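The block underneath contains the structure these notes are about, expressed in structure tokens.
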Amino acid sequence: MAIQIAPSILNADLANLAAEIRRIPSADWVHIDVMDGHFVPNLSLGLPVVESLAKSIALPMDCHLMIEDPDRWAPGYIDAGAKSVTFHIEAASKPGQIAKDVRAAGGRVGMAFKPGTPLTPYLDLIPLMDMILIMTVEPGFGGQPFLVHSLIKVEEARREIARHGGQIWLQVDGGVTLNTIERCARAGADVFVAGSAVYGAEEPNRMVAELRAKATDSFGS
Ligand code: DX5
Ligand code: ZN
């Protein structure tokens, strides 16, 4: 599978979100961080903003739900115009049902793990998903340092995905920069979220290309 880059808008100028997203035309996705102030101690944006963005941007939206009760909310993000929605396993009541509902709405579904959540109890759910997201920081804020120990879980997830034929995407999110992306790719990640690295760069679109080149060189090596 080709390497994919999904810049997170959390560190973009949120008052000019659509214009900020147009600065990264070479990205594969735009990663939209949805936070409810309960599942994580921060509040960002939600359904109405996603619905408005869908009308004015060309990039597909990858919505990362850091919210309680994703069972109730996840499919609505596809109805609102997102192409992919990722829920946190820690917040889900019936993850298998969420996967079905999101797919029935016509979207891709991802399952996310916080740094402290082990993969092992949830291995049976992996083949039901289109993507697994291994958080490489505690969710809630952009610009945090990369947690190196989470790479063990990325490797573990890659092995599981390989067991199921290798089609499921493996995303990393948090602290992904030019300094850390190679290690993530070597551990088996193929979809990379980068927030502050991209929007903190002078030329965000060029940073997308640089991140992609590093990840492509290191993937599987
Ligand atoms: C953190 C979010 C991330 C974050 C990434 O809770 O899920 O998507 O915005 O930002 P950086 O790349 O700055 O860690
Ligand atoms: Zn995110």
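Each ligand, and each atom within it, is numbered from 1 in the order the structure gives. Please read all numbers here as calculations on a predicted model, not as lab measurements. The basis for the numbers below is simple: all heavy atoms, side chains too, and nothing from hydrogens, waters or symmetry mates.
Remark: ligand 1 atoms within the under-4.0 Å shell around heavy atoms of M66 are 6 (O), 7 (O). Counting atoms of ligand 1 from 1 in the listed order, those under 4.0 Å from a heavy atom of G174 are 14 (O). Counting the atoms of ligand 1 from 1 in the order shown, those under 4.0 Å from a heavy atom of M135 are 7 (O). Residue contact check: H64 has heavy atoms under 4.0 Å from atoms 7 (O) of ligand 1. Remark: ligand 1 atoms within the under-4.0 Å shell around heavy atoms of H31 are 8 (O). Near P139, meaning under 4.0 Å from one of its heavy atoms, ligand 1 places the atoms 6 (O). Close approach to V193 involves these atoms of ligand 1, each under 4.0 Å from a residue heavy atom: 8 (O). Within the listing of ligand 1, atoms 12 (O) sit less than 4.0 angstrom from a heavy atom of A194.
Residue-to-ligand polar distances keep M35 apart from ligand 1: every N/O pair is separated by 3.5 Å or more. Ligand 1 has an N or O atom lying under 3.5 Å from an N or O atom of G143, backbone or side chain.
By the 30° and 60° cut-offs, the orientation of the rings of F39 relative to H88 is tilted.
Between the side chain of K153 and the backbone N or O of L119, no donor-acceptor pair lies under 3.5 Å. One N or O on the side chain of T136 and one on the backbone of D173 form a donor-acceptor pair closer than 3.5 Å. Counting only distance, with no hydrogens or angles, the side chain of Q144 and the backbone of F141 share a donor-acceptor pair below 3.5 Å.
When hydrogens are left out, the protein atom nearest atom 2 (C) of ligand 1 is D33 OD1, 3.4 Å; that is the closest non-hydrogen contact. Closest protein heavy atom to atom 3 (C) of ligand 1: D173 OD1, 2.9 Å. Protein heavy atom closest to atom 14 (O) of ligand 1, with residue, atom name and distance, is G175 N, 2.8 Å. Nearest protein heavy-atom neighbour of atom 6 (O) of ligand 1: G140 N, 2.7 Å. Scanning the protein for heavy atoms near atom 9 (O) of ligand 1, the closest one is S8 OG, 2.9 Å. The nearest heavy-atom contact from the protein to atom 10 (O) of ligand 1 is G142 CA, 3.6 Å. The single protein non-hydrogen atom nearest to atom 12 (O) of ligand 1 is G195 N, 2.7 Å, given as residue, atom name and distance. Summary of contacts: the protein heavy atom closest to atom 13 (O) of ligand 1 is S196 OG, 2.5 Å.
Considering only heavy atoms from C-beta on, V137 stays 4.5 Å or farther from P145 through its side chain. The shortest side-chain heavy-atom distance between L65 and V85 falls under the 4.5 Å cut-off.
Remark: R108 does not engage D62 in a salt bridge, criterion side-chain N to carboxylate O under 4.0 Å. Remark: E20 engages R23 in a salt bridge, criterion side-chain N to carboxylate O under 4.0 Å. Under the 4.0 Å criterion applied to side-chain N and carboxylate O atoms, E210 and R206 are assigned as salt-bridge partners. Checked for salt-bridge contact, E156 and R159 miss the test: no charged N lies under 4.0 Å from a carboxylate O.
Residues D33 and S8 have side chains that bring a donor and an acceptor to within less than 3.5 angstrom of each other.
Restricting D33 to its N, O or S atoms, the one at the least distance from the Zn ion (ligand 2) is OD1.
The Zn ion (ligand 2) is the vertex of the angle joining OD2 of D173 and ND1 of H64, which measures 90° to the nearest 10°.
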Output, in order, the C-alpha distance, side-chain angles, deciding distance and verdict of side chain to side chain contact (heavy atoms under 4.5 Å, CB included) for K83 and M61. CA-CA 6 Å; K83 291 277 183 279; M61 280 182 276; over 6 Å; no
